[in-house]
Undergrad: 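Questions regarding the structure given below will be posed in turn.
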Amino acid sequence: MPGSELVLVIGSGGREHALALKLSQSQNVSKVFVAPGNAGTAGVDKVTNVGLDLKDFEKISSWIKENGVTFVMVGPEDPLAAGIVDFLSERGIQCFGPTAAAAQIESSKDFAKKFMIRHSIPTAKFESFTDADKACKFINDADFNALVVKASGLAAGKGVVVASSRQEASEAAREMLTDKKFGGAGDVVVVEELLEGPEVSVLAFSDGHNVSLMPPAQDHKRLEDKDEGPNTGGMGAVCPYPELSESDQENIKKNVIERTVRGLAEEGIKYVGVLYAGLMLTKDGPKVLEFNCRFGDPETQSIMQLLTSDLLCTMRACVEGKLPEVKPTFDTSRSAVGVMVVSGGYPGSYKKGLQISGVSEVEQTGCHVIHSGTSLNSSGQLATSGGRVLSVIALDPSLSAAKELATSGAAKIQFDGAFHRKDIGAKILQSKNVDTSSSLSLKAVDEEEGLQYKDAGVDIMAGDDLVQAIKPLAKMTRRRGCDADLGGFGGLFDLEAAGLSSCTLTCSTWGVGRKIKFAENRGHHFNVGLELVARCVNDLLSRGAEPLYFLDYYAVGRLNVPVAEEVVKGMAEGCVQAGCALIGGETAEMPGMYQGSDYDVAGFAVGAIPQSQSPCTGKSVVALDQVVLGLTSSGLQYCDFGLLEDALRARNLNLRTLQGLHGGGSLAEEILVPSEIYTKSVLPLMRSGKIIKFACVNQGLRCSVASVLDDGLSVKLDAKAWGLAPVFGWMTDMAGLVASELIQNSSCGLAAILVVKRDDVTAVRDALSENLSQPVKTIGTIVEKAAGGDGLVIENLDSALKASKDAAYLAAPENYDSGTVSVSRQLPIMPDVKSTLTVATRTGAVVSEGHLPTFDVSSLGLNQPVLVSGTDGVGTKLRIAQSLDHHSSIGVDLVAMCVNDVLASGAEPLFFTSYFASGTVHPDWTQDVLQGVAEGCRQAGCALLEQKVSLLPSIYQGKIYDLGGFAVAAVEKSKILPLTSSIRAGDAVIGLPSSGIHSNGFSLVRRVVEMNGLRYDQPSPFTAGMTLGHDLLTPTRIYVKSVLPAMKSGKVKSFAHITGGGLVENIPRVMPPGLGVCLDASKWNLSAVFGWLQYMGKISSHEMSKTFNCGLGAVLVVSQSDVAEVMETLSSTGEEPVVVGSVVSLSEDEKTKVQIQNLQSSLLSSWTRPRKVERKKRVGVLISGSGTNLQALIDHTVDKENNSAAQISLVISNKAGVMGLTRAERAGIPTLVINHRNYKSREEFDEALHQALVSHGIELVCLAGFMRILTGGFVNKWTGRMLNIHPSLLPSFKGAHAQRMALEARVRISGCSVHFVAEEVDAGALLVQRSVPVYPGDTENTLSERIKTVEHGAFPAALEMVASEQVVLGEDGKLVWNW
């Protein structure tokens, strides 16, 4: 009877207030009781608080029966885990919530994690522990970031520590296991991998068999803004979370929620209630962080505001197993933002009983106030009774408006110590630019909001956060000549201010080498940065150069800001020690380039040699009888880590299990000590002439010694004089080396060697010993080289090596393995770097083999020279080059990105260096890349001084490589651009056309290609006679030679290179405050590629303008009176300049610095769109079974958002009663059963199929699990109009049993292929292929299920391509593309 239901809600928090409020709105409910409730539930119509002890189930049961309660809803996890649902259900009381067995999914994190592993539910790597020492050992030894520590039991949402270091994680484990911080909840501790990505909460109703998702929400767990401070129970939530698409939600539903409910059922546990999945959206897809067995708090407060159906009806349907009949509905056209107000001191200790005011004022604004920790004091006044006191919920179609309303409402809540976050929802807004002021003055209202840069895995916000974090780090390195300000197109260094107007420059480019992977695994990120600086600045000492400044190139698959910040902190510390400035860097986030948490880093140091000193080696030359000193190392050097990898691989050893060789600790910690920086100790001695030669031991002892020798001389060393550290003896044994191989491939424990006069030995040793942490040894002399003799003679090497081996075994015999050596060492064939350095030269540059290159500043003729330096990479454009094996233009891109940046300061590029890193060196394509760099330098008119090649097989796999570059330019101080003080409103903006996309935004380009199932080797849609990939690889234009003459005329006020950030973010970098620009996109020619990208990715014009250059590679600002002259100068160099806009004044509150008119219309006209579908193609689908692929085709074609060109008009099965027919009938699609058994021959059966298809007007046929081989006659009738999907990556594994063949072949990747049907089985032209990994332990069934997940996307995509006539089958059996 309507209005007769009496409902009991168990709980006292904000969740229960929100649920009680929603239940009270049901027409079926006459009364809601809340036990024990709070002050908020006490004030709701139809709601009454009841003072029940939640631990006394018997009394609760009695009270329910005495008061005629018809339905019970349990909110908190504690009573659920204690079995309240079991208890009440056994007594005939309908109760919504899981049983105690089902509640284990939350109450035991150990159970939950093992359950997820059993049922292939994606989650983080983990281990469970009851012993603190074992937990700590695991944390410190794990080869992943084991930084998440969880109490396995219930801890009121506070039993999770996300540590920033292994030490912090270890402390958390001890607090839980030893100190019992969470009591019995911490008897078992789960240690997990730290996943990266945004978090999202997905809640679902479940009746034990069926599930129904609620809109996704995002909780904000950290106490303070910017997700800082300790974890809490939740500081606010946003619902729906807009970053999760419908397909993402469907994926989560199938692979997480349904799989969990089904898995529990398989284990005899029926899950009824709400299942909460806390997810991390990683680059590898959603992974479960935790499960909760109830409504989440604070998510429920926001979710319930969007529920439009009867909550009680849905809950009862779950209990009765009828959820499909009463699914809930939500209004997701609005955003609900909840901001929690908490007590001062929370989540620690806090005061209670504090009087609260402001609630009524907030409610008058239209916000909802949901109570969590409130009560009424003795005077009947509202007071605090908990840490989380209440939340303010605002609803609005605009997420931005809802955020502002909720945040301002929370500020109105007053009590002593009240605190709330002010950024709930801010991160979503920043990533989506939702309702923020657009940089486009006219944004088309009918534009589709499609792909965004973040959808390609690039986190712009994280990059911005990193920049802000490292600015003060750079600032601490400022020195004479440089303020170390970051943010410009290039870093500036004033040579005159440094007293070096006339000097010789030198430079050094390095990476960290194979040490980087070992350091990453140990979390030694600070030391990586410090090591990088040490490598570069120590190298400068070989020329007697003073380090002036340093730049870095940091590349990663997904940016982890804390890790990157630690690396830069190490660099800053290294710069301080070396006395040089950190003036710039490039952080490249490149999805698909690096695996997991891997990253690579390269550094570039520029040094100066005063005019008074020879740039060669110092004031003296090496001569007979001079003495060689050795600076011993504290750990392993650059070259030693290749030998270490050999040793570990030879014996199949794991570094983290090996003991230290110096009296305790681990071997990993001993070898990872960063190199010392010798600048301040060695340089004064070189300048005084006491040190004649200096060389770092970077490439093996033999090679390093050769760099200090003159012709006819040799070095004689005594190995006993410095003694080989035990680690070298151990590595030699493990890798099976002989002594001669050791000196060729390792440093032998020497960080650097110095040549001094015999009379100066004592003075030099004493001076160095005062400043260095490691001993300085006299290790040899300079002798005459014997006829046919070697440049290096080492006495007592065998005995020193034996002593080293003995010491290593004595220190840690457990490090020795008696197995057979299994490694073979073959030196890779390195590219011919030397030949590339002769391609691009210029006056002032000197490249000499065996020595660092130099550049004579005096050759420039500048009075007050200022150096401008920049660094950049090519980004994921590299992946397209790698996929096509087309590498020759990538080097040009690299140079262009760097020199165009320094050009923004009005500077002329002087010289360039590159860093190439790969797992292997393939002579052909590696040489192509390096030659491309040389060609770019030639085009830019700068000298190519150095190309560093680094082999890192543990970082780069297959053909993947990365490329970073560093450019140095110079400008007269008085002519530095931009001349911001002279820019005026009304000045003209001149645009220079781009050659295409250039080298920014390629992660989004690749996402567009992937999303549309395209291939780079197919014909280009916008340039006849080219492939798509080669068109996209058109190199970036270099503007140096065309723009410099205009700059030198003094008529150019500013120049902006349109690089990452597109038009809207680069032009403001060269504009003064109060001024912006107004551009008219109809004035310049947009390349067709931009219109194509927008169309294929459904990218908004706003997103296009902040991601791509949109046809303008650069812009110049000039006075209107100078336009003609500057245009003529530019045109004379071959440019095609055009006036594209003007400078405009901005009001004080106007944030839009770049207004773009007519961009959308220009994008539309730049590429001819395919004609719209005027009539949908009629499609017939042939099936034999369950029809899961049929369902995917149906779902795609009926979804109005897809605007499909296909309509499924008939489904034919050769078997009656199959599920596929039911699917078609549910969708209202006509069906036929044509049983092959009723026909005498295959030909007769096929003719019956054909006639049925023709009579229904079918134009295209899809085979979706049709288990009959069709005759050639039938295939010929439908050639070019019939598609099939096959569960392998054709042409591999044709025919039946494809999964079995894939497993037998031990392939690592499989997938599906959609192709046109030809007479030969599975041989037709391929349309779409999608891949999946093959895991160890896979069965035919598990692999088949994984392939199905991509089939359901691939088949609709292929059908759409054919139905829309985007592709047709040519007469030659090949695809013909019609864009």
Side-chain angles (χ1 to χ4, degrees), residues 109-110 112-113 123-153 155-182 185-199 219-224 226-235 278-280 282 287-290 347-348 462 465-466 469 519-528 556 558-567 569-570 596-599 656 666 668-669 672:
K109 291 180 176 62
D110 181 50
K113 294 295 289 189
T123 188
K125 302 173 189 175
F126 80 102
E127 288 289 345
S128 299
F129 300 94
T130 57
D131 181 270
D133 290 337
K134 291 181 179 178
C136 293
K137 187 175 189 303
F138 176 78
I139 289 167
N140 288 297
D141 291 347
D143 57 4
F144 55 87
N145 288 328
L147 298 178
V148 182
V149 183
K150 298 181 176 180
S152 179
K158 302 173 188 174
V160 179
V161 173
V162 181
S164 58
S165 66
R166 295 177 189 263
Q167 179 180 350
E168 184 183 343
S170 299
E171 290 171 357
R174 292 195 184 279
E175 286 178 350
M176 294 181 193
L177 287 167
T178 304
D179 301 341
K180 296 298 180 185
K181 180 176 182 179
F182 299 109
D187 287 346
V188 176
V189 161
V190 175
V191 179
E192 285 186 6
E193 171 191 16
L194 177 63
L195 299 177
E196 298 176 7
E199 289 187 43
D219 180 13
H220 294 62
K221 297 188 185 301
R222 297 281 188 169
L223 178 67
E224 300 168 1
K226 297 183 179 179
D227 290 329
E228 296 178 351
N231 262 1
T232 69
M235 294 296 292
L279 303 163
M280 182 73 81
T282 75
K287 292 189 178 184
V288 177
L289 298 173
E290 63 176 352
D465 289 345
L466 178 62
E520 285 176 13
N521 289 342
R522 300 294 296 182
H524 285 213
H525 308 296
F526 178 92
N527 287 351
V528 167
V556 66
R558 187 171 184 86
L559 182 60
N560 182 322
V561 173
V563 169
E565 185 179 354
E566 277 298 299
V567 175
K569 282 181 180 177
S597 59
D598 285 351
Y599 62 84
R656 69 170 183 261
S666 69
E669 295 301 316
L672 289 173

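Keep in mind that this is a model prediction, so the values were computed, not measured. Computed over heavy atoms, backbone and side chain alike; hydrogens, waters and symmetry mates excluded.
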Undergrad: Just how far is it from atom CD of Glu127 to atom CD1 of Ile139, taken to the nearest 0.5 Å?
TA: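 CD1 of Ile139 is found 11.5 Å from CD of Glu127.
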Undergrad: So which heavy atom on Leu672 is nearest to which on Ala519, and how close?
TA: CD2-N, 4.0 Å
Undergrad: Got a second to check how far Leu466's CG is from Glu565's CD, nearest 0.5 Å?
TA: 7.0 Å
Undergrad: With Lys287, which residues qualify under side chain to side chain donor-acceptor pair (under 3.5 Å), at least two apart?
TA: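 With sequence neighbours excluded, Lys287 shows a side chain to side chain donor-acceptor pair (under 3.5 Å) to no residue whatsoever.
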Undergrad: So, using side-chain contact (heavy atoms from CB on, under 4.5 Å) as the criterion, who are the partners of Val556 when residues are at least two apart?
TA: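 If we apply the side-chain contact (heavy atoms from CB on, under 4.5 Å) test to Val556, skipping adjacent residues, the hits are Tyr554, Leu559, Tyr599.
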Undergrad: Please name all residues satisfying side chain to side chain donor-acceptor pair (under 3.5 Å) with Lys137, sequence neighbours left out, ordered by chain then number.
TA: Asp141
Undergrad: With sequence neighbours excluded, what pairs up with Glu192 under the salt bridge (charged side-chain N to carboxylate O under 4.0 Å, His left out) test?
TA: Lys113, Lys150
Undergrad: Is the backbone N or O of Val288 less than 3.5 Å from a side-chain atom of Thr123, with the two atoms forming a donor-acceptor pair by type?
TA: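 It does hold such a pair.
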Undergrad: My understanding is that only residues two or more places apart in sequence, or in another chain, count here; which of them pass side chain to side chain donor-acceptor pair (under 3.5 Å) with Arg166?
TA: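 By the side chain to side chain donor-acceptor pair (under 3.5 Å) rule, Arg166 matches no residue at all.
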Undergrad: Should Lys180 and Asp187 count as an ion pair when the cut-off is N to O under 4.0 Å?
TA: yes
Undergrad: Atom CG of Asn231 and atom CZ of Arg222: how far apart are they, to the nearest 0.5 Å?
TA: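 Answer rounded to 0.5 Å: 5.0 Å.
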Undergrad: List the residues meeting salt bridge (charged side-chain N to carboxylate O under 4.0 Å, His left out) with Asp598, not counting sequence neighbours, and say none if there are none.
TA: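 Applying salt bridge (charged side-chain N to carboxylate O under 4.0 Å, His left out) to Asp598 gives Lys517.
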Undergrad: Between Ser128 and Val189, is there a donor-acceptor pair closer than 3.5 Å when you use the side chain of the first and the backbone of the second?
TA: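 No; zero donor-acceptor contacts below 3.5 Å.
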Undergrad: Specify the closest pair of heavy atoms between Arg522 and Ser666, including all atoms of both residues, with the distance to one decimal.
TA: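 Smallest interatomic distance, heavy atoms only, reads NH2-OG, 3.8 Å.
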Undergrad: Under the side-chain contact (heavy atoms from CB on, under 4.5 Å) rule, collect the residues that match up with Asn560, sequence neighbours excluded.
TA: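 Only Glu196, Pro562, Val563 meet the side-chain contact (heavy atoms from CB on, under 4.5 Å) criterion with Asn560.
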Undergrad: Give me the one residue out of Leu195, Val190, Leu194, Leu289 that meets side-chain contact (heavy atoms from CB on, under 4.5 Å) with Val148.
TA: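 When Leu195, Val190, Leu194, Leu289 are each tested with Val148, the side-chain contact (heavy atoms from CB on, under 4.5 Å) holds only for Leu194.
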Undergrad: Taking only residues two or more places apart in sequence or in another chain, which ones pass salt bridge (charged side-chain N to carboxylate O under 4.0 Å, His left out) with Lys226?
TA: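 If we apply the salt bridge (charged side-chain N to carboxylate O under 4.0 Å, His left out) test to Lys226, skipping adjacent residues, there are no hits.
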Undergrad: State which residues pass side-chain contact (heavy atoms from CB on, under 4.5 Å) with Ser165; sequence neighbours excluded, sorted by chain then number.
TA: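 Residues passing side-chain contact (heavy atoms from CB on, under 4.5 Å) with Ser165: Gln167, Glu168.
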Undergrad: Tell me yes or no: between the side chains of Glu669 and His524, is some donor less than 3.5 Å from an acceptor?
TA: yes
Undergrad: Determine whether Thr282 and Arg558 make a side-chain contact, defined as any pair of heavy atoms from C-beta on separated by less than 4.5 Å.
TA: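 The answer is no; the side chains never approach within 4.5 Å.
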Undergrad: Which heavy-atom pair separates Lys221 from Glu290 by the least distance, and what is that distance?
TA: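 What the structure gives for the nearest pair is NZ-OE2, 4.1 Å.
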Undergrad: I'd like to check Val161 versus Met176 (side-chain heavy atoms, cut-off strictly below 4.5 Å). Are they in contact?
TA: yes
Undergrad: Heavy atoms only: give me the nearest Gly233-Asp219 pair and the separation to one decimal.
TA: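 The answer is O-OD2, 4.2 Å.
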Undergrad: Heavy atoms only: give me the nearest Ala135-Ala173 pair and the separation to one decimal.
TA: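 Smallest heavy-atom distance, with atoms named: CB-CB, 4.2 Å.
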Undergrad: Determine the minimum heavy-atom distance between Ala169 and Val149, stating which atoms define it.
TA: O-CG2, 3.5 Å
Undergrad: For Glu175, enumerate each residue passing the salt bridge (charged side-chain N to carboxylate O under 4.0 Å, His left out) test, keeping only those at least two apart in sequence or located in another chain.
TA: Lys181
Undergrad: For Asp133, what residues pass the side-chain contact (heavy atoms from CB on, under 4.5 Å) criterion, not counting sequence neighbours?
TA: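 side-chain contact (heavy atoms from CB on, under 4.5 Å) list for Asp133, sorted by chain: Asp131, Arg174.
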Undergrad: Using the side chain to side chain donor-acceptor pair (under 3.5 Å) criterion, which residues pair with Ser597? Sequence neighbours excluded.
TA: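 Side chain to side chain donor-acceptor pair (under 3.5 Å) check on Ser597 returns nothing, list empty.
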